[in-house]
Amino acid sequence: MLGKEHILSTLAIALSLIAIIIFQKFYHLTAILPFNDIILRVFSLPPIDYAYLFLFFAGMMIASTAPDVDVEEPLTALRRKSKLSTLWFNLIKYIAYTPTAIFLSFFKKNEVGHRKIFHSIFGAIFYSIAIVIIFMIFISIILFGVRSMHNPSMSENSITTNTIGTIYYYFTSSELILKYFWNYVLAFLIGSGLGFLSHLYEDSTTVSGIAYLPMITNLGLKGRLRTGSKEFYEQRNVHFLGKSKFGMYMFWVYNLVFLYLYFKYGLYLLSLSQIIIIYMLFSFFFLFITCGMKPAKIIA
């Protein structure tokens, strides 16, 4: 899929998950209330819960295009035009993807490149680790800046006389701050992991498919959709039902249908883990019927 299609597809998944999480939490806290009263009082959840949900949502949306950091040329207009987006992609590229690619190049060269190692469960793990490192760097810079403002001569002396000690001090301090706000970071991390995996799941509807555990097995998921620019489709005369844009629409259709069934047939009575299992199983069958997604061997 193209970058904008990933963003919109992940948006559908994120909104569905947040709606389910909100309602599950509220329902089990107020199970004695009638269904209509619960809907009206959902907005009375504590503000901190919405802070977690916002970070969860932000993590999913930011990670919705993160796996494509293994592409040399930017695929989205946002990544090409936004300096902040470019900075984020460069951080992910050099902290998560590049070290992984260099390491694997000594063993399996065919695992480096687009839709290889970073488009996998391993990529999601590396991405999560990179986020923690980025948080620590960010906090360290803030701490250094604050201390420098109070002691202007400190910044120059610290860098020139004791660089290693300075870096160690601020990373240690940032670790303590990270632990203090860990619940917020964890909400962002969970959202990031799900957003990353959503990207892979969306790519599983295309003809290239995704091997979720490369180096272990080449078994993965693939569909019949083709992805590319407008010129790509014109050159190959691809029917609308075979375009990745069709897959994006199907993700929206599925999530809207699932939410309808969730409220209509009282799926909220189940546990959150049971609902997620049902969501995944039915999404697989839905995407099998509409996008041809099925288990297959992914050829590198």
Side-chain angles (χ1 to χ4, degrees), residues 1-14 16 60-61 63-81 85 89 97 101 110-124 127 194-214 217-258 280-300:
M1 284 188 174
L2 297 178
K4 60 183 179 182
E5 293 166 356
H6 277 299
I7 292 172
L8 291 173
S9 297
T10 303
L11 178 62
I13 299 173
S16 295
M60 282 198 71
M61 297 312 301
S64 64
T65 57
D68 282 338
V69 73
D70 57 15
V71 179
E72 290 299 326
E73 293 297 326
L75 297 179
T76 64
L78 177 64
R79 185 177 167 189
R80 290 195 299 266
K81 297 178 181 179
S85 177
F89 266 86
Y97 175 68
N110 63 332
E111 294 298 343
V112 178
H114 185 46
R115 289 205 181 184
K116 299 293 181 63
I117 189 64
F118 212 65
H119 271 70
S120 70
I121 300 295
F122 302 120
Y127 178 72
L194 288 175
F196 198 101
L197 293 175
S198 295
H199 180 111
L200 305 187
Y201 198 53
E202 293 152 16
D203 275 346
S204 296
T205 61
T206 63
V207 293
S208 300
I210 293 294
Y212 288 81
L213 293 171
T217 176
N218 61 352
L219 185 64
L221 296 173
K222 65 184 302 184
R224 58 175 173 76
L225 305 184
R226 298 184 179 276
T227 184
S229 62
K230 182 179 180 180
E231 292 76 15
F232 171 89
Y233 291 132
E234 290 176 349
Q235 291 173 3
R236 289 161 178 77
N237 193 26
V238 179
H239 190 272
F240 175 75
L241 296 179
K243 295 181 179 181
S244 59
K245 184 181 293 186
F246 174 75
M248 176 190 70
Y249 290 133
M250 289 304 98
F251 273 97
W252 273 94
V253 170
Y254 173 74
N255 281 280
L256 290 173
V257 170
F258 186 84
M280 291 303 300
L281 287 176
F282 278 90
S283 70
F284 175 80
F285 288 114
F286 181 85
L287 293 174
F288 168 74
I289 294 171
T290 58
C291 302
M293 188 178 76
K294 59 184 179 181
K297 287 186 176 181
I298 308 301
I299 300 174

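- Residues V257 and F282 fail the side-chain proximity criterion, which asks for heavy atoms closer than 4.5 Å.
- M1 CE to F246 CZ: the interatomic distance, rounded to the nearest 0.5 Å, is 10.0 Å.
- Taken from CG in L200 to CZ in F118, the straight-line distance is 10.0 Å, to the nearest 0.5 Å.
- To the nearest 0.5 Å, the span separating NZ on K243 from CG on L225 amounts to 11.5 Å.
- Residues I298 and A211 come closest through the heavy atom pair CG1-N, 3.7 Å.
- A parallel orientation is assigned to the rings of F284 and F288, their planes being inclined by less than 30° (bins at 30° and 60°).
- What you find for T206 and D203 is that their closest heavy atoms are OG1-O, 2.6 Å.
- Closest approach of F196 to A63, counting heavy atoms only: N-CB, 3.7 Å.
- Scanning both residues, W252 and L8, for their nearest heavy atoms gives NE1-O, 2.9 Å.
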_Pair K297, T217 - check side-chain contact (heavy atoms from CB on, under 4.5 Å), show working._
CA-CA 9 Å; K297 287 186 176 181; T217 176; over 6 Å; no

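- R224 contributes no side-chain N or O that, together with a main-chain N or O of T205, makes up a donor-acceptor pair within less than 3.5 Å.
- A donor-acceptor pair under 3.5 Å links the side-chain atoms of H199 to the main chain of S64, judged by distance alone.
- Annotation: the span from M250 atom CE to L241 atom CG amounts to 8.5 Å, rounded to 0.5 Å.
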*How far apart are the C-alpha atoms of I7 and M61, what are their side-chain angles, what is the distance that settles it, and do they pass the side-chain contact (heavy atoms from CB on, under 4.5 Å) test?*
CA-CA 7 Å; I7 292 172; M61 297 312 301; 3.8 Å; yes

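- Aromatic ring orientation, F286 versus Y254: tilted (interplanar angle from 30° to 60°).
- Closest heavy-atom contact between G209 and K222: CA-CB, 3.6 Å.
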*Any chance you could lay out the side-chain contact (heavy atoms from CB on, under 4.5 Å) test for H119 and Y212, step after step, and finish with the verdict?*
CA-CA 7 Å; H119 271 70; Y212 288 81; over 6 Å; no

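- Distance CG/L11 to NZ/K4: 15.0 Å, rounded to 0.5 Å.
- Here the two rings, on Y127 and F122, have centers that are 6.0 Å apart or farther.
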*asked:* For a side-chain contact (heavy atoms from CB on, under 4.5 Å) check, start with the C-alpha distance between T227 and L2, then their side-chain angles and the critical distance, and finish with the verdict.
replied: CA-CA 7 Å; T227 184; L2 297 178; 4.1 Å; yes

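- The heavy-atom pair separating C291 from G247 by the smallest distance is SG-CA, 4.0 Å.
- Separation of atoms CD1 (I210) and CE (M293) is listed at 11.5 Å; rounding is to 0.5 Å.
- In the model, E202 has no side-chain atom that pairs as donor or acceptor with a side-chain atom of S9 under 3.5 Å.
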